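For reference, the structure discussed in these notes is given below.
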Amino acid sequence: MRTLIEARGLTKTFGATPALRGVDLDVSTGESVAVMGPSGSGKTTLLHVLAGITRPDAGTVRLHRGAGVVDLGAAGEKRRSELRRTSFGFVFQQGLLVPELTVLENVALPLLLNGVARTDAAAEALRLLASLGIGETGERRVGELSGGQQQRVAIARAQAVRPAVVFADEPTGALDSVTSGEVMTALLASTVNSGRALIVVTHDEAVAARCGRVLRMRDGMVVAESGAPAPAAAGEQEPVR
Ligand SMILES: Nc1ncnc2c1ncn2[C@@H]1O[C@H](COP(=O)(O)OP(=O)(O)OP(=O)(O)O)[C@@H](O)[C@H]1O
Ligand SMILES: [Mg+2]
């Protein structure tokens with residue numbers, strides 16, 4: 001495990017509304033972190049600040065990449081946009097897929113935006129779809145798929161660029177509990193099991209229970225955290241009895 005994201009002292013106020021009031025968070029490779037809390041407690045804002053979509057009023061987000069450390073706050077818009085396209089994947093409640101495009105085209109889109117050749121992008125998209133058990137849907141339009149299938153397409157698309165971190169904002173919010181469990185299995189398999197980190201906002205305790213750590217937010221602060229980060233490497237620490 002190595003550190004991917006180091007966030008310190010994050011604050012963000014919209015007008016007179018404080019959304020974040022001093023959040024610290026470290027996330028390492030292979031970790032899954034659930035973010036829970038009442039509506040308006042700052043979960044989405046935290047996700048957007050960590051992903052470089054929203055600039056915090058104060059505090060820092062450092063992203064550790066193979067090539068070094070990037071301070072998201074100090075990075076310009078162009079650099080932040082490049083990081084979002086290459087280091088991060090996103091899955092939302094309603095997949096934000098393009099309904100007029102085929103499944104394959106939706107998954108290939110981020111690769112095309114990153115300059116990958118069309119045939120290579122299509123081959124990679126098909127491989128990802130097959131790994132999520134929906135390879136046969138490639139030629140269909142997204143609008144024809146079930147909710148659970150659409151979320152798998154969104155998961156495939158989120159990992160197309162092999163991001164370090166996948167952010168998911170209520171990815172199972174519109175699904176029944178069985179489908180929700182299946183989508184979580186797919187999401188964990190495609191992130192944590194591949195050495196990526198997953199940060200998932202959810203209102204569902206069953207979804208949170210699948211994650212290694214659970215942060216509970218209230219009024220813009222993390223008020224509780226359960227599930228300690230895993231030790232640095234297996235076998236390094238003796239279990240405490
Ligand atoms: N773009 C914005 N402009 C103004 N206020 C905002 C904006 N985004 C968030 N807020 C406010 O900041 C606070 C935190 O919002 P946030 O969306 O982070 O909550 P949340 O925990 O994700 O809630 P939910 O569970 O309903 O999605 C809320 O009071 C919200 O109204
Ligand atoms: Mg939200």
Side-chain angles (χ1 to χ4, degrees), residues 4-27 31-63 72-73 75-77 80-81 83-84 87-97 147-148 150-151 153-155 157-158 163 165-177 179-181 183-184 186-188 191 197-227:
L4 280 174
I5 289 185
E6 254 182 300
R8 292 289 176 274
L10 297 177
T11 68
K12 179 72 188 176
T13 299
F14 294 104
T17 311
L20 294 179
R21 298 195 296 159
V23 174
D24 299 333
L25 180 62
D26 284 353
V27 182
E31 270 201 306
S32 53
V33 181
V35 182
M36 299 194 80
S39 182
S41 57
K43 305 180 297 295
T44 296
T45 305
L46 175 61
L47 222 62
H48 287 180
V49 168
L50 294 176
I53 295 169
T54 300
R55 274 186 198 276
D57 297 334
T60 55
V61 178
R62 285 154 56 87
L63 172 68
L72 284 187
E77 262 328 304
R80 288 153 68 91
S81 152
L83 287 170
R84 287 197 294 270
S87 291
F88 301 140
F90 298 92
V91 180
F92 299 95
Q93 178 171 350
Q94 311 288 354
L96 290 193
L97 301 161
Q150 291 193 20
Q151 282 308 63
V153 176
I155 291 166
R157 188 187 53 178
V165 186
V166 171
F167 295 97
D169 198 346
E170 302 191 39
T172 63
L175 305 176
D176 64 78
S177 63
T179 312
S180 164
V183 164
M184 269 312 282
L187 194 52
L188 288 164
T191 52
L198 172 67
I199 304 179
V200 54
V201 169
T202 183
H203 286 282
D204 184 344
E205 292 286 351
V207 166
R210 305 273 310 265
C211 295
R213 286 159 67 193
V214 183
L215 304 183
R216 291 179 197 273
M217 294 189 68
R218 181 174 290 275
D219 299 332
M221 290 183 288
V222 175
V223 291
E225 174 166 359
S226 55

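Counting convention: from 1, in listed order, for ligands and their atoms alike. Position 1 is the first residue of the sequence; numbering continues from there. These figures come from a predicted structure and were not determined experimentally.
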query = Do the side chains of L25 and I5 get nearer than 4.5 Å, heavy atoms only?
reply = no
ask   = Is the CZ atom of R218 crowded by more than 12 outside heavy atoms at less than 6.0 Å?
value = no
query = Hey, mind stepping through D26 and R8 against salt bridge (Lys or Arg N to Asp or Glu O under 4.0 Å) and telling me if it holds?
reply = CA-CA 9 Å; D26 284 353; R8 292 289 176 274; 2.9 Å; yes
key: Non-neighbouring partners of D176 that pass side-chain hydrogen bond (donor to acceptor under 3.5 Å, both in side chains), sequence neighbours left out   = T179
request  = Below 4.0 Å from any atom of ligand 1, which residues have a heavy atom? Give them in chain and number order, please.
outcome  = F14, T17, A19, P38, S39, G40, S41, G42, K43, T44, T45, E170, H203
task = Please work out whether the ring planes of H48 and F92 are parallel, tilted or perpendicular, with thresholds of 30° and 60°.
result = perpendicular
Residue pairs involving residues 9-18 (criterion side-chain hydrogen bond (donor to acceptor under 3.5 Å, both in side chains); sequence neighbours excluded) = none
request  = List the steps, then state whether side chain to side chain contact (heavy atoms under 4.5 Å, CB included) holds for V207 with S180.
outcome  = CA-CA 8 Å; V207 166; S180 164; 3.7 Å; yes
request  = Kindly compute the distance separating CZ (R21) from CG (D219), expressed to the nearest 0.5 Å.
outcome  = 5.5 Å
key: Flag, side chain of Q151 to backbone of P171, donor-acceptor distance under 3.5 Å   = yes
message = Could you enumerate the protein N, O or S atoms under 2.8 Å from the Mg ion (ligand 2), written like residue then atom name?
response = T44 OG1
